[in-house]
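To start, the structure under review is shown below, and the notes come after it.
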There are 2 protein chains.
Amino acid sequence: MGATKHEIFHDQINEEAAIFNALGHPARLAIVKTLLTYKTCVGNYLTHEIPLSQPTISQHLKVLKNVGIIQGTIEGKSVCYCLNHSLIERLRVFVGDMLIQYDLHQTNCNC
Amino acid sequence: MGATKHEIFHDQINEEAAIFNALGHPARLAIVKTLLTYKTCVGNYLTHEIPLSQPTISQHLKVLKNVGIIQGTIEGKSVCYCLNHSLIERLRVFVGDMLIQYDLHQTNCNC
DNA sequence: TTGTCATATTGTAATATTGCAATATTACAA
DNA sequence: TTGTAATATTGCAATATTACAATATGACAA
């Protein structure tokens, strides 16, 4: 006990949950929103934009990278981050399917 | 240190992160998917469908309820759960906005 | 080289999460 | 009433997460 029992769930649901989980921290969501606004962004900008220490920001960037939401390119002394196209596409499809499925039974929900 | 510093973020981003966070566990995502498939669902069904103990399922249902993703209606000895319309709508808007903003700068990303 | 800037890593303390056994609680049926 | 079924709550152990100081690494500039 204590840790999530990933082994009892399908790989797909574990992966989807990991994506939502990565977006489920305000600092990481702030990073994603910054990348949505500015398209690309160097790590140091985030360190000055978000009032958390540099190691903490670095750690959050790692989480986002690990699930594939962002990618980083080394540019001299800096790392330039941007959103990962295929991951965004996957989120689009997942939420899209979810909403279609939801709409299908909106006529007679009795809760 | 140790706990998330919610106070340094806007309420909105904290709330959105809380929603993603609630979806960020395979058991909770499985519950949401079950509700998408069957529209409504009694708690006991989930307890037999997902191989986790009854208290654990109950706790996950509480997390989903707290952020407003699901709602439960008492029906005799059971509780009938369904997805919360306004929350789903909020997720639709958020992801929609996100994707629109993302599409706007897809022509010249150089990462 | 040496210094400095941007980033990553490591170690660690504080806190949160996950999961379950045991135990309520509540509603109904016999 | 008594029993039982469905759910919630409590307490606790195991584990994960968050944040940061200290330190390492790598790139560039003087």
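Letters A, B, ... are given to chains in the order of the sequence lines, protein chains preceding strands, and every chain is numbered from 1. All values reported here derive from a predicted model rather than from experimental measurement.
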To the nearest angstrom, the CD-C1' distance between B/Q71 and D/dT7 comes to 18 Å

Atom NE2 of A/H6 and atom P of C/dT18 are separated, to the nearest Å, by 9 Å

Please tabulate, for the side chains in residues 61-69 of chain A, all donor-acceptor contacts under 3.5 angstrom to protein atoms that are two or more places apart in sequence or on a different chain.
unit_1, atom_1, unit_2, atom_2, d
A/N66, ND2, A/K62, O, 3.4

B/N14 meets the side chain to side chain contact (heavy atoms under 4.5 Å, CB included) criterion, sequence neighbours left out, with A/P26, B/H6, B/F9

Examine C/dT7: is either OP1 or OP2 under 4.0 Å from a nitrogen or oxygen in the side chain of A/N44? Give yes or no. yes

On a heavy-atom basis, the closest approach of B/C41 and B/L46 is SG-CG, 3.7 Å

Contacts of A/S53 meeting side chain to side chain donor-acceptor pair (under 3.5 Å) (sequence neighbours excluded), chain-then-number -> A/T56

Checklist line | is_close_aromatic(A/Y81, A/Y45), centroid dist under 6.0 Å | finding: no

Under 4.0 Å between any heavy atoms, over every strand shown, what does B/T56 touch: base, sugar-phosphate, or nothing? Just pick one. base

Heavy-atom nearest pair, A/L52 first then A/A27, reads CD1-CB, 3.8 Å

Between NZ of B/K5 and P of C/dA16 the distance, given in whole Å, is 14 Å

Check your understanding: Would you find a donor on one side and an acceptor on the other, under 3.5 Å apart, between the side chain of A/H10 and the backbone of A/Q12?
Key -> no

Residues at least two apart in sequence or cross-chain that pass salt bridge (Lys or Arg N to Asp or Glu O under 4.0 Å) with A/E89, listed by chain then number, are A/R92

Side chain to side chain donor-acceptor pair (under 3.5 Å) filter on B/N21, not counting sequence neighbours, yields none

Could you run down the sub-3.5 Å N/O contacts of the protein with nucleotides 23-30 of chain C?
none

When rounded to whole Å, the CD to P distance for the pair A/Q59 and D/dA22 reads 17 Å

By side chain to side chain contact (heavy atoms under 4.5 Å, CB included), B/I74 pairs with (sequence neighbours left out) B/V79

B/L52 atom CG is separated from C/dT18 atom P, nearest whole Å, by 11 Å

Any stem touching DNA chain C, meaning at least three consecutive Watson-Crick or G-U pairs under 3.5 Å, ordered by first number, would be C:1-30 with D:1-30

Taking for B/R28 and for A/P55 the nucleotide of DNA chain C with the nearest heavy atom, the one nearer the 5' end belongs to A/P55

Residue set satisfying salt bridge (Lys or Arg N to Asp or Glu O under 4.0 Å) with A/E15, at least two apart, ordered chain then number -> A/R90

Here the residues of residues 12-21 of chain B within 4.0 Å heavy-atom distance, strictly under, of DNA chain D are none

In whole angstroms, the gap separating C1' of C/dT17 from NE2 of B/H25 amounts to 8 Å

So, with a heavy-atom separation below 4.0 Å from DNA chain C, the residues of residues 60-67 of chain A are A/K62, A/K65

The complete set of salt bridge (Lys or Arg N to Asp or Glu O under 4.0 Å) pairs with one or both residues in residues 22-37 of chain B, sequence neighbours excluded, reads A/E16-B/K33

